[in-house]
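Following: one structure in structure tokens, then a few remarks.
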Amino acid sequence: MTLIQSEFLTEQILLLKINRKSAMNAFSDELIEAFHGALDQIGEARVLIITGSGDKAFSAGADLKERKNLKEDEVWPAVSRIRKLVQRVYELDIPTIAAINGAAFGGGLELALACDIRVASRAAKMGLTETSIGVIPGAFGTVHLTRIVGVSAATNLILRAKRISADEAERIGLVAEVSEDCLVEARQIATEIARNAPLAVKRAKEVVKGVSLNLEEAFLAEEKAYQSLIGTKDRLEGLQAFSEKRSARFLGR
Ligand code: COA
């Protein structure tokens, strides 16, 4: 069985589907390895969508059955394997969209939090549930959630190990959109992004991600990113297309 299904929806939009329905798409070691393999194939994709297979789960996080059999000194290395995957997704330079099609708990939500944009199906549920099993979020969840929804909402969710609905997640800004089928919505967003100038999209992502730098550094990062685009062919093409009242044909140069 392919634990990560990989499909180019268009030449520019890559979809990765977590495919371990029998365990609510939880992250076994084997699945993590397959995920790395799929990320190696990103190639020229301009947007990445991550979702779960089936309609029950995006991912229920760490494989708690595997975890139960670990000796104490094996636990952190296992957490680190999830951390490494989540960090790799966070560090991708192309835009990433998590299409949360069902339950996203613990590491499953942490993976979604490492993406740039989250959309959810109406029936999805999510939460950082770790304190309910005696630990804390270990794959950057405390940091990312706080940056996304603010200290007050993040504390409320994490300390209570609260499981919230898609509508509630939208209300606090954890997901950008809720729809009947989040994959349709994710694809629409990806199409809009892929239409834009690839280098400008990458620079914008970089700068927005840097918002936790101190202000001086953030201002400088924006200045440098803007300047790096001035000499591109795509910038001239954008202006030319506007004056000719047509869509731009961006080349990523
Ligand atoms: N690791 C390993 N197996 C998991 C799992 C996980 N994180 N989450 C669910 N599963 C397994 C269940 O044990 C069950 O397997 P079984 O059929 O062999 O008993 C199967 O997936 C289906 O789960 P089940 O709980 O029966 O389905 P449900 O629809 O009632 O509930 C969830 C789904 C996701 C809400 C529920 O399984 C859950 O809360 N899981 C734990 C999520 C969590 O807290 N993760 C964070 C870990 S830090």
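This chain uses plain numbering: 1 for the first residue, then up along the sequence. As the structure lists them, so they are numbered: ligands from 1, and atoms in each ligand from 1.
One option in M24, K21, K68 has a heavy atom closer to atom 24 (P) of ligand 1 than any other, and that option is M24. By heavy-atom distance, the residue among K65, E130, K56 lying nearest atom 14 (C) of ligand 1 is K65. Remark: among candidates G106, A60, A62, the nearest residue to atom 45 (N) of ligand 1 is A60, based on non-hydrogen atoms. Nearest-residue assignment for atom 3 (N) of ligand 1 (options S22, S59, A23, G108; heavy-atom criterion): A23.
The atoms of ligand 1 that sit less than 4.0 Å from any heavy atom of I133 are 48 (S). When each atom of ligand 1 is checked for a heavy atom of T129 under 4.0 Å away, the hits are 43 (C), 44 (O), 45 (N), 46 (C).
Protein heavy atoms come within 4.0 Å of atom 6 (C) of ligand 1. Using a 4.0 Å threshold on non-hydrogen atoms, atom 16 (P) of ligand 1 counts as touching the protein. Within a 4.0 Å radius of atom 32 (C) of ligand 1, the protein contributes no non-hydrogen atoms. Contact annotation for atom 1 (N) of ligand 1: protein present (non-hydrogen atoms, distance under 4.0 Å).
By the 4.0 Å heavy-atom criterion, R163 is counted among the residues contacting ligand 1.
Residues E180 and S121 share a closest heavy-atom pair of O-OG, 3.6 Å. For Q12 against A194, the heavy-atom pair with the smallest separation is OE1-CB, 3.6 Å. Summarising the geometry of R83 relative to G138, their closest heavy-atom pair is NH1-O, 2.7 Å, with the distance given to 0.1 Å. Pairing each heavy atom of A99 with each of F58, the nearest pair is O-CD1, 3.4 Å. The minimum heavy-atom distance linking A124 with I100 is given by the pair CB-O, 3.5 Å.
In this structure, a donor-acceptor pair under 3.5 Å is absent between the side chains of N25 and S59.
The backbone N or O of A98 lies less than 3.5 Å from no partner atom in the side chain of R118, so there is not a single donor-acceptor pair.
Polar contact with ligand 1: present for L64 (N/O pair, distance under 3.5 Å).
Contact annotation: the side chain of S247 never approaches that of R195 to less than 4.5 Å [non-hydrogen atoms, C-beta and beyond].
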